[in-house]
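Read through the structure below, which is laid out as structure tokens, and then see the notes.
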Amino acid sequence: LDSLRDGGHAVGSSRAQQRLRGIFVVAQTALALLLLVGAGLLLRSFARMLETDPGFEPQHVLTAHVTLPSQDYPTQEKVNLFYRELVRRLAALPQVRAAGASSNVPIIGIYSDRNFVPEGYLPRDGRPWGSASNYFVIGDYFRAMHISLVRGRYFSAADDQPDTPLTAIISQSLAQRYWPGQDAVGKRLKFGGNAHSPYPYATVVGVVGDIHQ
């Protein structure tokens, strides 16, 4: 009886192992198929991205991420002075054509959404504010990134002075959406969710081409 029981257990164990192997084969095949499909979709998306004009030219552009220690730069004034000096020194290098700094970088940066109120805009959906990706820049950021100027001008050194009224440069799509059929240069907008926000108005001094994020 013991030998028969052992034999029965051996046969049962062998069948269980075969069934388990079959399950593993099916799972591996399904996983391989999933990886192939995912790789195909990734390559197709990458090919479409290469065919799309991003709105800037990344060739011959060097970027670097800088994080300042808070103990050495406790105030915004010290942070601003650091970046102004950094941009000035970079621009002075003989091999550099343009240098600038930005709070974000297209495509690889973090999407930063911010509400604003366009002056004179009559909302169609009941909301008095708009929303767009927001960048803070200094120096020749637009020239360094080869972002085309559609109307108006780029920022100048005078725009960065403490007592100078706030200025803004907006994309072509934003200008057409909130001021259709008008010249957006000279228009004003205010950051925040309503016209009574504590932020001062910023005057649009330039309109640039769209950047595909």
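We count residues from 1, following the sequence as given.
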Notebook entry, point to check: Side-chain heavy atoms under 4.5 angstrom apart, residues restricted to Ile, Leu, Val, Met, Phe, Trp, Tyr: same cluster for Leu90 and Met145?
Noted result: no
Check: Going by side-chain heavy atoms closer than 4.5 Å, which hydrophobic residues are tied to Phe136, directly or by a chain of links?
Finding: none
Check: Quick one: are Phe191 and Asn115 in side-chain contact, heavy atoms under 4.5 Å?
Finding: no
Next item on the list: Sort and list the pairs that fulfil side chain to side chain donor-acceptor pair (under 3.5 Å) and have at least one residue in residues 59-72, not counting sequence neighbours.
Entry: His65-Thr67
Checklist line | Partners passing side chain to side chain contact (heavy atoms under 4.5 Å, CB included) against Leu68 (at least two apart in sequence or in another chain) | finding: Val66, Tyr73, Val79, Phe82, Tyr83
Next item on the list: With sequence neighbours left out, write down each residue that passes side chain to side chain contact (heavy atoms under 4.5 Å, CB included) with Ala184, or none if nothing qualifies.
Entry: Ile170, Ala175, Trp179, Val207
Next item on the list: Measure the spacing between CZ of Phe155 and OH of Tyr141 and express it to the nearest 0.5 Å.
Entry: 11.0 Å
Next item on the list: Report yes or no: do Tyr135 and Ile138 belong to one cluster of Ile/Leu/Val/Met/Phe/Trp/Tyr joined by side chain heavy-atom distances under 4.5 Å?
Entry: no
Check: side-chain hydrogen bond (donor to acceptor under 3.5 Å, both in side chains) with Thr164: which residues, sequence neighbours excluded?
Finding: none
Check: Should Val137 and Leu81 be regarded as members of a common hydrophobic cluster, given that ILVMFWY residues are connected when their side-chain heavy atoms come within less than 4.5 Å of each other, either directly or indirectly?
Finding: no
Next item on the list: First locate atom OG of Ser103, then atom CG of Asn134, and finally report the distance between them rounded to the nearest 0.5 Å.
Entry: 6.5 Å
Check: Got a sec, which residues hit side-chain hydrogen bond (donor to acceptor under 3.5 Å, both in side chains) with Glu119, two or more places apart in sequence or on another chain?
Finding: Arg188
Notebook entry, point to check: How would you list, by chain and number, every residue that makes a side-chain hydrogen bond (donor to acceptor under 3.5 Å, both in side chains) with Gln176, sequence neighbours excluded?
Noted result: none
Check: Are Val87 and Val61 co-members of a hydrophobic cluster defined by side-chain heavy atoms under 4.5 Å apart?
Finding: no
Margin query: When you group the ILVMFWY residues by side-chain heavy-atom contacts below 4.5 Å and let the links chain together, are Val105 and Ile147 in the same group?
Written below: yes
Check: Which residue pairs pass the salt bridge (Lys or Arg N to Asp or Glu O under 4.0 Å) test with at least one member in residues 89-107, sequence neighbours excluded?
Finding: Glu85-Arg89
Checklist line | side chain to side chain donor-acceptor pair (under 3.5 Å) contacts in which one or both residues fall within residues 142-158, not counting sequence neighbours | finding: Asp140-Arg143, Arg151-Asp183, Arg153-Asp159, Ser156-Asp159
Check: With sequence neighbours excluded, what pairs up with Ala202 under the side chain to side chain contact (heavy atoms under 4.5 Å, CB included) test?
Finding: Leu166, Ala168, Leu189
Next item on the list: Find the distance between OG (Ser173) and OH (Tyr178) and round it off to the nearest 0.5 Å.
Entry: 11.0 Å
Checklist line | Atom pair OH (Tyr201) and NZ (Lys190), whose distance is rounded to the nearest 0.5 Å | finding: 4.5 Å
Next item on the list: List the steps, then state whether side-chain contact (heavy atoms from CB on, under 4.5 Å) holds for Phe56 with Ile211.
Entry: CA-CA 7 Å; Phe56 64 95; Ile211 297 174; 4.0 Å; yes
Notebook entry, point to check: Cluster partners of Leu62, using ILVMFWY side-chain heavy atoms under 4.5 angstrom, listed by chain and number?
Noted result: none
Notebook entry, point to check: Atom OG1 in Thr75, atom CG in Asn80: separation rounded to 0.5 Å?
Noted result: 8.5 Å
Item checked: Residue list, side chain to side chain contact (heavy atoms under 4.5 Å, CB included) with Leu41, at least two apart or on another chain -> Val37, Arg44
